[in-house]
Amino acid sequence: MCGIVGIVDAGGVSFQLYYALYALQHRGQESAGLSTFDGKTLYKHKGQGLVAEVFDEEILCSLKGSVGVGHVRYPTTGAKIPENVQPFNFRYAGRHLAIIHNGNLVNTPALRQEYEQRGQIFCTTTDTEVIANIIADELRVSNSMEDAVLLCMRRLQGSYSVVIMLNDTLYAFRDPMGIKPLCIGKTEQGYVVASESVAVDALGGTFVRDIRPGELVTLNESGFSSTQIAVASHTAHCIFEYVYFARADSVMDGILVYDVRQSIGQKLYESDRLKPDIVCPVPDSGTAYAAGYAVRSGCPFLEGLMKNRYMGRTFIMPTQRQREQAVRIKLNPIRGNLKDRKVVLVDDSIVRGTTSRRIVEMIREAGADEVHVRVGSPPIIAPCYLGVDMPTRTELIASGKEEEAVRDSIAATSLTYISLEDLVEAIGIDASNLCTGCLTGHYPVEIPGEKSCRRAVTYVDGTYQSNLKRFGTEQETS
Ligand code: AMP
């Protein structure tokens, strides 16, 4: 999972890219990077760590130009090594190219092998570099970005929201199923494309629209044009974006994430109408859910846990022991709110169960009488191959276990998950247009050894090569 942003703005882009990456920091904390272009030179800076750790004012002032791209990384493929930090920058046939990607390909090894056999060399271990190679290869032949993206959409299997800076033009595209998000906004003197609308908000910009699945958008300072490269029979928007990954204040594929989470909270109450003394969120991911539960049940919303905001997500701790330790540093009970109370504790999801087990224990130690856990997603039973860093089946607490066994394992008084039907209803997108792989074990792409519910994709092709573009000079606008 990663956060991506591209900006073209006459007023300069490095500080705007930095602010946008700050707004997208929740999508990746392992590394951050920016590339900009000033008409002659490609400037770049990237490193491992948080946005605030990687950049300072001097660095941002040195990144000149009115077009650029930025990336925050949460590694799903490729090792955590400096070479894998994006953007990837290439000097190629007299052009400057920088690429950023959010998503995960499932056919990387085969593609990489094919390109290596053709003499291509690779500097990283990521799927993103494979995309860059396909693009560069096709540009060499046709000089048409439409053709290059068409070739990508024909060859890449998996999820990909991609932004490419080619000299002073930005190109943004989304896989035909729109698995990962990508949207367009208007800035004061240009345009922005970003993983989530909160990045547009951070720039004081105006949200324009989501990039459509299978669409290529070409942007410069005066406007953008659109080419529909491919159309899938159904989309496969990642359901986990709505449950956990996206910020609650983002609008994604036309839906405010906060509304979805609040509605899930309401449905959680309706499923068994339990009336607690307090409705307590697991901060911050459970807040919107708990708000919905409290509103619908009429029971008071009261915080029982305080979060240390200066700690990263527990998930990025590599060992189980470190994860357990991290939960304790991250969350502390507010004892006065919990003592002798019947508590409904609401969280977005249970993955390994480490967080819930520790939190239930904490709340009991603080004197609560009963701890009823309510979860905003159905049991996570299968891994994600499409860009969310989920553990293997053996590490997933709900995989192969009955609900009662999970309840027992986290020592809750009761445990209820939202049903898939209720979750889908809260999102408001038909289940056939969502990727529910982690909840059902059925994936929208073919994955060896897994069940798939593949979508048919139609390519709107054959028209581009006759319509050659000279990159960096001619632009269509709309
Ligand atoms: P655990 O059950 O201890 O593995 O952690 C579950 C909590 O981690 C959830 O309540 C989420 O807030 C958060 N979480 C869920 N999925 C992820 C993920 N893929 N990466 C990071 N954090 C996650």
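No experiment lies behind these values; they were computed from the predicted model shown.
Of all the heavy atoms in V85 and Q48, the pair that sits closest is CG2-CG, 4.0 Å. Taking each heavy atom of V72 and A32 in turn, the nearest pair found is CG1-CB, 4.1 Å. Taking each heavy atom of M153 and R174 in turn, the nearest pair found is CE-O, 3.4 Å. Taking all atoms of both residues into account, the shortest heavy-atom contact from Y22 to A52 is OH-CB, 3.2 Å. The nearest pair of heavy atoms linking L182 to A172 is CD2-CB, 4.0 Å. Annotation for G441 and A382: closest pair CA-CB, 3.9 Å, computed over non-hydrogen atoms.
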Side chain to side chain contact (heavy atoms under 4.5 Å, CB included) between C61 and F15: does it pass, once the steps are laid out? CA-CA 8 Å; C61 287; F15 280 86; 4.0 Å; yes
side-chain hydrogen bond (donor to acceptor under 3.5 Å, both in side chains), that's the test. Do S66 and D168 meet it? Break it down for me. CA-CA 8 Å; S66 57; D168 49 12; over 6 Å; no
Salt bridge (Lys or Arg N to Asp or Glu O under 4.0 Å) assessment of E138 paired with R154: CA-CA 12 Å; E138 181 57 30; R154 281 187 173 283; over 6 Å; no
Walk me through whether C438 and V388 qualify under side chain to side chain contact (heavy atoms under 4.5 Å, CB included). CA-CA 9 Å; C438 59; V388 179; over 6 Å; no
With side chain to side chain contact (heavy atoms under 4.5 Å, CB included) as the test, would you mind laying out the steps for R352 and I397 before giving the verdict? CA-CA 5 Å; R352 292 183 170 89; I397 190 173; 5.8 Å; no
Report the C-alpha separation of R261 and D348 in whole Å, then their side-chain angles, then the decisive distance to 0.1 Å, and conclude whether the salt bridge (Lys or Arg N to Asp or Glu O under 4.0 Å) test is met. CA-CA 8 Å; R261 295 183 186 166; D348 62 300; over 6 Å; no
I'd like to know whether H26 forms a side chain to side chain contact (heavy atoms under 4.5 Å, CB included) with S250, so could you lay out the CA-CA distance, the side-chain angles of the two residues, the decisive distance to 0.1 Å, and finally the verdict. CA-CA 12 Å; H26 62 288; S250 276; 5.7 Å; no
Stepwise salt bridge (Lys or Arg N to Asp or Glu O under 4.0 Å) check, R27 with E196: CA-CA 10 Å; R27 299 185 67 86; E196 291 183 40; 2.7 Å; yes
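Ring pair Y74/F245 is tilted by interplanar angle, where 30° to 60° counts as tilted. F37 and H96 have tilted rings, their planes meeting at an angle from 30° to 60° on a 0 to 90° scale.
In this structure, the separation between CG on L203 and CG on L17 is 8.0 Å, given to the nearest 0.5 Å. Between L396 atom CG and I350 atom CD1 the span is 11.5 Å, to the nearest 0.5 Å. We find the CD1-OG1 distance between I229 and T458 to be 13.5 Å, quoted to the nearest 0.5 Å. Taken to the nearest 0.5 Å, the SG atom of C238 stands 8.0 Å off from the CG atom of L386. How far CG of L256 is from OG of S263: 11.5 Å, rounded to the nearest 0.5 Å.
Side-chain contact check for N84 and T125: at least one donor-acceptor pair (N or O, by modelled atom type) lies under 3.5 Å. In this structure, a donor-acceptor pair under 3.5 Å is present between the side chains of E395 and T392. T187 and Q16 share no donor-acceptor pair across their side chains, judged by distance under 3.5 Å alone.
Remark: D422 pairs with K267, I418, S419 by the side-chain contact (heavy atoms from CB on, under 4.5 Å) rule, at least two apart or across chains. For the side-chain contact (heavy atoms from CB on, under 4.5 Å) test, residues two or more places apart in sequence or in another chain that qualify with T235 are P213, H237, N433. When the side-chain contact (heavy atoms from CB on, under 4.5 Å) test is applied to A132, the partners found at least two apart in sequence or on another chain are F90, I99.
With Y43 as the fixed residue, the side chain to side chain contact (heavy atoms under 4.5 Å, CB included) test singles out one of I59, D38, N89: D38. The side chain to side chain contact (heavy atoms under 4.5 Å, CB included) test with L34 is passed by exactly one of I100, V69, L60, V13: L60. Only one option out of I211, V200, I7 pairs with V193 in a side chain to side chain contact (heavy atoms under 4.5 Å, CB included); it is I211.
Around the CD atom of Q189, the shell of radius 6.0 Å holds more than 12 heavy atoms that belong to other residues, nucleotides or ligands. Within 6.0 Å of the CZ atom in R454, the count of heavy atoms belonging to other residues, nucleotides or ligands does not exceed 12. For CZ of F301, the number of neighbouring non-hydrogen atoms (other residues, nucleotides, ligands) closer than 6.0 Å is greater than 12.
Taking the centre and axis of the six-membered ring of Y443, the NZ or CZ atom of K451 falls outside the cone set by 45° and 6.0 Å. Annotation: cation-pi geometry not satisfied between R374 and Y293 (NZ/CZ under 6.0 angstrom from ring centroid, within 45° of ring axis).
Side-chain N or O atoms of Q25 include one that pairs as donor or acceptor with a backbone N or O of V51 at under 3.5 Å. For the pair S14 (side chain) and K64 (backbone), a donor-acceptor distance under 3.5 Å is absent.
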